[in-house]
Protein chains: 2
Amino acid sequence: MDFTIIDIANKAKVSKSTVSRVLNNSGYVSEKAREKVNKAVKELNYVPSAMAQGLSKKTSNTVGVLIPELQNYFFTELLQGLSEVVDNKGMTLIFSDTANDPIKQEKALLMIKGQRVKGLILTPANEYSSKKQNLELIKSLKALHLPIVIVDREIPDSPWDTVLFENFNAGYLATKALIKGGNKTIGIITGDMNLKIARERYDGYLCAMKEHNIEIDKKYIFNGDFTANTAYEITKNLFENSSNVPDGFVTCNNQSSIGFLRATLEKNLKAGKDFAVVGIDKINLIKEFNIPFSYINRDTYLMGKKAMEILIDRSENPTKEKMECIMPAKFVSLGTEKKK
Amino acid sequence: MDFTIIDIANKAKVSKSTVSRVLNNSGYVSEKAREKVNKAVKELNYVPSAMAQGLSKKTSNTVGVLIPELQNYFFTELLQGLSEVVDNKGMTLIFSDTANDPIKQEKALLMIKGQRVKGLILTPANEYSSKKQNLELIKSLKALHLPIVIVDREIPDSPWDTVLFENFNAGYLATKALIKGGNKTIGIITGDMNLKIARERYDGYLCAMKEHNIEIDKKYIFNGDFTANTAYEITKNLFENSSNVPDGFVTCNNQSSIGFLRATLEKNLKAGKDFAVVGIDKINLIKEFNIPFSYINRDTYLMGKKAMEILIDRSENPTKEKMECIMPAKFVSLGTEKKK
DNA sequence: TTGTAAGCGTTATCAC
DNA sequence: GTGATAACGCTTACAA
């Protein structure tokens with residue numbers, strides 16, 4: 001169906017080795033031969049088979065990307081960054097959405113293995129949090145014998161390069177902003193505390209509170225799980241049934257912020273008036289919808305680019321020491337860190 | 001590095017053909033041999049090389065997906081639908097974001113061609129709208145000799161299966177809702193009128209207006225281009241400098257709706273009070289943010305699933321007649337189709 | 001029921 | 001400078 005290197009060789013009246021040399025710019029080729037080959041390539045609209053090349057070269061030009069929540073704005077933006085670099089390098093991106101499901105993730109890893117990709121970019125599915133699950137994931141990943149870059153969610157005790165976020169600092173800055181905003185009582189809707197990123201953000205909260213000698217009150221610690229629904233339920237119940245509403249809130253990721261906002265909006269409560277709040281991570285469309293919501297920002301697109309660049313670097317320098325890129329957290333004020 | 005079929009054959013003490021037969025469930029294999037092979041496969045954690053398989057079978061298990069705007073919620077959701085089916089079928093998804101850039105798209109098509117994919121899902125980049133550009137795209141696509149499914153944006157006079165939207169009806173329903181809402185003057189922020197989907201939506205608007213004997217007033221026709229920025233500028237200028245503000249608006253895609261809303265929010269104008277509006281396509285987070293905004297909805301996730309299913313169907317039935325799937329448009333009222 | 005061998009479209013190693 | 005030829009890891013007649 002498609003033309004092969006032999007068709008080009010025939011058409012250009014040279015051997016396929018010469019065609020290959022021209023295409024790969026390797027070895028000596030006379031100007032004449034080069035022209036003939038290029039002409040034939042153009043005329044037949046020939047593009048070499050990546051499969052055949054991969055097989056022959058024993059390496060592909062393909063990277064795998066496994067992402068857990070395509071509906072989350074954060075990952076969409078991340079993917080754009082990844083895609084950008086891949087395109088520029090003329091590589092190919094193989095994508096799968098693991099939907100935070102370890103089973104799906106395991107399947108995807110098999111697919112990735114079958115594709116003999118050059119490397120893998122992975123944000124682990126939520127579930128990998130217990131020691132045991134964690135070890136299993138590490139085992140699966142090691143079995144790939146591949147350059148891997150872990151993004152956003154760290155895998156404890158793992159050897160791979162990482163692109164992470166200043167999680168502690170994010171929690172710290174958010175809390176600090178609320179304290180400076182004059183809030184006396186500050187609550188937090190945590191993430192899934194099985195995940196390190198959730199614990200780190202929480203630790204940042206604790207640290208800021210302690211620094212200011214504010215007593216940690218357990219009734220203000222709300223156990224979320226990084227989903228909008230849970231945050232919504234927590235918030236709704238809180239404002240309905242309890243007088244234990246703190247002045248200010250830290251919401252630990254964009255999904256939680258969304259759930260939190262939804263509940264407060266339903267009750268006609270105004271951020272920056274009826275309560276104070278600082279979220280971690282930007283919410284999509286917040287600017288467009290003119291929604292007042294102070295948050296801790298990071299450059300997600302850049303995270304994607306960095307991750308892919310590190311992966312490429314790693315595949316060229318396999319013995320280099322472990323690389324870690326930690327994206328800074330930045331407080332963006334839209335006024336909601338103060339109450340009233 | 002990775003194990004090969006020969007390693008399995010050696011370990012199981014059979015020939016590689018037998019291994020292949022077991023793996024592919026083809027031909028006769030004794031129970032004994034099967035067990036030995038499976039054992040070896042498991043022990044060595046063997047996964048066949050998709051590249052070698054593809055080369056040998058002269059067909060891959062891979063589909064290409066080219067999408068023009070990953071930042072648009074519509075396409076994210078679409079991608080989820082595509083991804084779902086791909087995963088279930090044990091296929092592999094190769095992804096590229098063309099960023100509405102024909103040059104990038106052309107590059108991506110070359111990449112796709114090199115990968116010898118089984119088929120291609122494509123939403124063409126915006127630019128392909130002039131007759132000439134259109135023909136060029138058709139030529140490029142034909143040169144692929146591949147099953148192709150065109151999604152959302154039709155390519156006129158093209159032979160490929162399509163999954164489209166009731167564009168005319170969307171414009172019609174939106175306008176009708178505004179008319180029923182009692183609005184006397186109704187404007188429209190159109191999409192990029194080079195695109196058929198924009199013209200169809202506009203035609204729906206015209207039709208509804210005529211049906212109700214409402215005069216079309218050119219000063220209420222605003223030439224947008226499906227981007228938020230343009231809609232924002234149009235809306236901003238309109239409310240600032242002109243007394244020619246219609247009672248109601250049709251905004252022709254979600255990006256335009258976002259830009260429109262942003263401008264009105266900035267001016268503290270309230271949908272359903274200061275003006276009426278019905279948008280085409282859902283805006284992300286509209287429910288969560290409790291933003292009143294009536295719109296014309298479609299099941300985007302399903303569109304993705306359908307598209308991939310059609311692609312698979314097509315690759316199994318190459319001679320089947322052209323398939324067209326048109327997703328229905330449904331009006332969702334959140335009250336903003338009325339003014340005051 | 002199993003193994004041998006040719007072939008898939010490349011690259012790479014050699015002679016020439 | 002160039003062209004055979006082996007090799008990459010698999011599938012698939014065909015032979016046994």
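So you know, we letter chains A, B, ... as the sequences are listed, proteins then strands, and number each from 1.
- Closest to the side chain of A:S49, out of C:dT10, D:dG9, C:dC8, is C:dT10.
- One N or O donor and one acceptor, one from the side chain of A:K16 and one from the base of C:dT10, sit under 3.5 Å apart.
- Rounded to a whole Å, the CG atom of B:L55 is 13 Å from the C1' atom of C:dA6.
- Per the geometry, CE belonging to A:M51 stands 9 Å off C1' belonging to C:dC8, to the nearest Å.
- The minimum heavy-atom distance between A:L146 and A:I112, with the atom names listed, is CD2-CG2, 4.3 Å.
- Atom CG of B:D2 and atom P of D:dC8 are 14 Å apart (whole Å).
- Counting heavy-atom neighbours within 6.0 Å of A:K107 NZ, excluding the residue itself, gives a total of 12 or less.
- For A:K42, the NZ atom counts as loosely surrounded, since its 6.0 Å shell holds 12 or fewer non-hydrogen atoms of other residues, nucleotides or ligands.
- Sorted pairs that involve residues 53-63 of chain A and meet side chain to side chain donor-acceptor pair (under 3.5 Å), not counting sequence neighbours, are lacking altogether.
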**Message:** For A:T162 and A:E154: C-alpha separation, side-chain torsions, deciding distance, then whether side chain to side chain donor-acceptor pair (under 3.5 Å) applies.
**Reply:** CA-CA 7 Å; A:T162 50; A:E154 200 171 351; 5.9 Å; no

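- Atoms CD1 (A:I6) and C1' (C:dG7) sit 12 Å apart, rounded to a whole Å.
- Taking atom CG of residue B:D7 and atom P of nucleotide D:dG9, one finds them 9 Å apart after rounding to whole Å.
- Under the 3.5 Å distance criterion, with hydrogens and angles disregarded, no donor-acceptor pair is assigned to the side chains of B:D101 and B:Q105.
- Distance, B:I5 CD1 to D:dG9 P: 11 Å, rounded to whole Å.
- Between A:S15 and D:dG3 there is a side-chain N or O to OP1 or OP2 distance below 4.0 Å.
- Going from atom CG of A:N61 over to atom P of C:dT11 covers 12 Å, rounded to whole Å.
- Of the residues in residues 17-36 of chain B, B:S17, B:T18, B:R21, B:Y28, B:V29, B:S30, B:A33 come within less than 4.0 Å of DNA chain C through at least one heavy atom, sorted by number.
- Under 4.0 angstrom from either OP1 or OP2 of D:dC10 there lies no side-chain N or O belonging to B:S56.
- Residue contacts for B:Y46: at a heavy-atom cut-off of 4.0 Å it reaches the sugar-phosphate backbone alone, with no base atom in range.
- Between B:K58 atom NZ and D:dT12 atom C1' the separation is 13 Å, expressed in whole Å.
- For the pair B:T92 and A:I94, the tightest heavy-atom approach, listed with the atom from each and the gap, is CG2-CG2, 3.6 Å.
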